[in-house]
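Worksheet for the structure shown next.
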Amino acid sequence: MRIAIFGQAAFGLDTFNALREAGEQIVGVSTPRTPEGGRPDPLRAAAEEAGLPWLETRALRREEAFEAYRAWEPELIVFAFVTDIVRKNVLDAATHGAIQYHPSLLPKYRGRSAMNWPVVNGDTETGLTIFWVDEGIDTGPVLLQRTVEIRPDDTMGSLYFERLYPLGIEALAEATALVREGRAPRIEQDHAEASYEPPFEDEHALVDWSRPARAVFNHVRGCDPAPGAIAALGDARVRLFDPSLAPAAPSEPIGTVLEPDAANPGAARIAVIGGVLSVGRVRADGGKVAASEVLSPGDRLTAATLGA
């Protein structure tokens with residue numbers, strides 16, 4: 001079966017390598033355009049090293065590039081981290097269409113921030129879906145799914161890099177084999193059960209210190225590593241990372257930075273309702289640093305606003 005891979009970055013590269021190791025026939029690769037003066041995408045570089053043709057994804061809107069793509073005679077497109085809009089004529093040119101990885105159990109958590117929201121919402125499980133691409137946003141029929149536990153102390157980053165990422169590579173390889181063997185199902189999603197969450201931007205990352213300790217903790221870990229939970233320190237904004245939570249009944253006002261723990265002097269301990277939130281690192285004006293370099297006992301974090 002002739003496969004075209006559309007994707008980018010490490011996930012695209014690892015999918016490319018996994019499919020080649022499985023003996024699949026890759027006939028071409030499409031990635032975003034390389035920025036002026038930037039390094040080629042690793043998926044593109046791997047394809048070129050393997051002697052395979054490459055096309056810029058946005059360029060497929062032009063007739064010349066589209067005809068070059070059609071000359072690959074693709075039977076299946078595998079989407080591995082695609083951020084450009086791929087038009088219907090491109091999908092239709094592949095005999096079997098396209099399959100795509102999504103880091104949630106569709107139809108729940110459609111959209112590009114499907115990893116942040118389950119953690120922020122305090123869910124205890126999520127998963128991944130390989131689905132058939134249609135013209136909607138994550139609306140196509142399901143090919144396969146895998147369920148993943150969200151551990152009590154998971155951040156969005158640990159959930160993704162430790163489980164959803166490697167399982168996603170494996171699932172794409174398995175799904176591709178099912179298509180090649182003619183055994184791939186097309187299970188319609190129950191659209192009545194669908195949820196679509198907006199892209200998780202800074203406006204969603206603002207910490208509400210009036211919420212209970214667990215809700216604040218879930219919020220911070222769901223924002224880690226991106227975009228980072230945002231709090232105000234005086235007139236400045238800081239982003240909080242590497243959270244942990246301990247039950248307590250602090251007497252200080254919520255948001256107050258407490259005396260450090262001798263066992264972890266680099267972290268900052270913050271009073272919250274019904275507990276103490278510890279953050280290991282923060283980012284203010286520059287890169288991430290130990291929280292104790294920015295937050296001192298007696299400081300008070302408050303709700304931030306997004307100004308101009």
Side-chain angles (χ1 to χ4, degrees), residues 103-104 108-109 113-127 148-164 195 197-198 200-233 237-284 288-306:
S104 82
K108 292 185 65 177
Y109 294 113
S113 293
M115 292 177 291
N116 300 88
W117 289 107
V119 180
V120 168
N121 291 340
D123 293 359
T124 57
E125 71 173 24
T126 184
V148 170
E149 177 191 9
I150 301 178
R151 298 168 185 160
D153 293 327
D154 265 328
T155 62
M156 185 271 279
S158 67
L159 174 66
Y160 178 61
F161 289 110
E162 294 175 12
R163 295 190 293 291
L164 289 176
S195 63
E197 304 295 346
F200 204 96
E201 307 288 358
D202 281 358
E203 64 184 290
H204 306 105
L206 304 174
V207 178
D208 181 356
W209 298 100
S210 69
R211 302 184 72 197
R214 174 57 64 171
V216 174
F217 173 58
N218 289 344
H219 183 89
V220 176
R221 66 194 185 105
C223 295
D224 187 351
I230 302 172
L233 178 62
R237 289 204 301 264
V238 295
R239 297 178 190 260
L240 312 177
F241 304 93
D242 299 344
S244 61
L245 181 67
S251 58
E252 292 83 349
I254 58 172
T256 300
V257 180
L258 307 174
E259 291 296 326
D261 182 347
N264 190 9
R269 301 171 63 244
I270 305 163
V272 290
I273 297 174
V276 172
L277 174 73
S278 293
V279 292
R281 293 183 296 166
V282 302
R283 188 171 76 230
K288 294 178 184 176
V289 298
S292 60
E293 294 184 28
V294 175
L295 303 177
S296 301
D299 287 344
R300 188 173 180 195
L301 295 172
T302 57
T305 57
L306 298 180

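Note that this is a predicted model, so its numbers are computed, not measured.
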Handout entry: Note, Val119 side chain near Thr155 side chain (heavy atom, < 4.5 Å)
Key = no
Problem - Arg214, CZ atom: more than 12 neighbouring heavy atoms under 6.0 Å - result: yes
Practice task
Given side chain to side chain contact (heavy atoms under 4.5 Å, CB included), test Leu306 with Glu203 step by step and report yes or no.
Solution key: CA-CA 7 Å; Leu306 298 180; Glu203 64 184 290; 3.9 Å; yes
Completion exercise
Arg163 meets the salt bridge (charged side-chain N to carboxylate O under 4.0 Å, His left out) criterion, sequence neighbours left out, with Asp154
If you look only at distance, which donor and acceptor atoms sit under 3.5 Å apart when one is on a side chain in residues 255-273 and the other is two or more places apart or in another chain?
unit_1, atom_1, unit_2, atom_2, d
Thr256, OG1, Pro253, O, 2.7
Asp261, OD1, Ala263, N, 2.9
Arg269, NH1, Glu259, O, 2.7

Handout entry: Contact check, side chains of Asp153 and Ser244, non-hydrogen atoms, under 4.5 Å
Key = no
Practice task
Measure the acute angle between the ring planes of His204 and Trp117, then classify it against the limits of 30° and 60° as parallel, tilted or perpendicular.
Solution key: perpendicular
Exercise for the section: Without swapping roles, check the side chain of Asn116 against the backbone of Gly222 for a donor-acceptor pair under 3.5 Å. Expected result: yes
Handout entry: Side chains of Met156 and Pro225 in contact at under 4.5 Å (non-hydrogen atoms)
Key = yes
Practice task
Identify the heavy atoms of Asp123 and Tyr109 that sit nearest to each other, and give their distance.
Solution key: OD2-OH, 2.7 Å
Completion exercise
Val238 meets the side-chain contact (heavy atoms from CB on, under 4.5 Å) criterion, sequence neighbours left out, with Ala231, Leu233, Leu240, Ala284, Val294, Leu301
Problem - Side-chain touch Val120/Glu197, heavy atoms, less than 4.5 angstrom - result: no
Handout entry: Backbone of Ile254 reached by a side-chain donor or acceptor of Arg300 within 3.5 Å
Key = yes
Exercise for the section: Answer yes or no: is there a donor N or O on one side and an acceptor on the other, between the side chain of Arg239 and the main chain of Pro227, under 3.5 Å? Expected result: yes
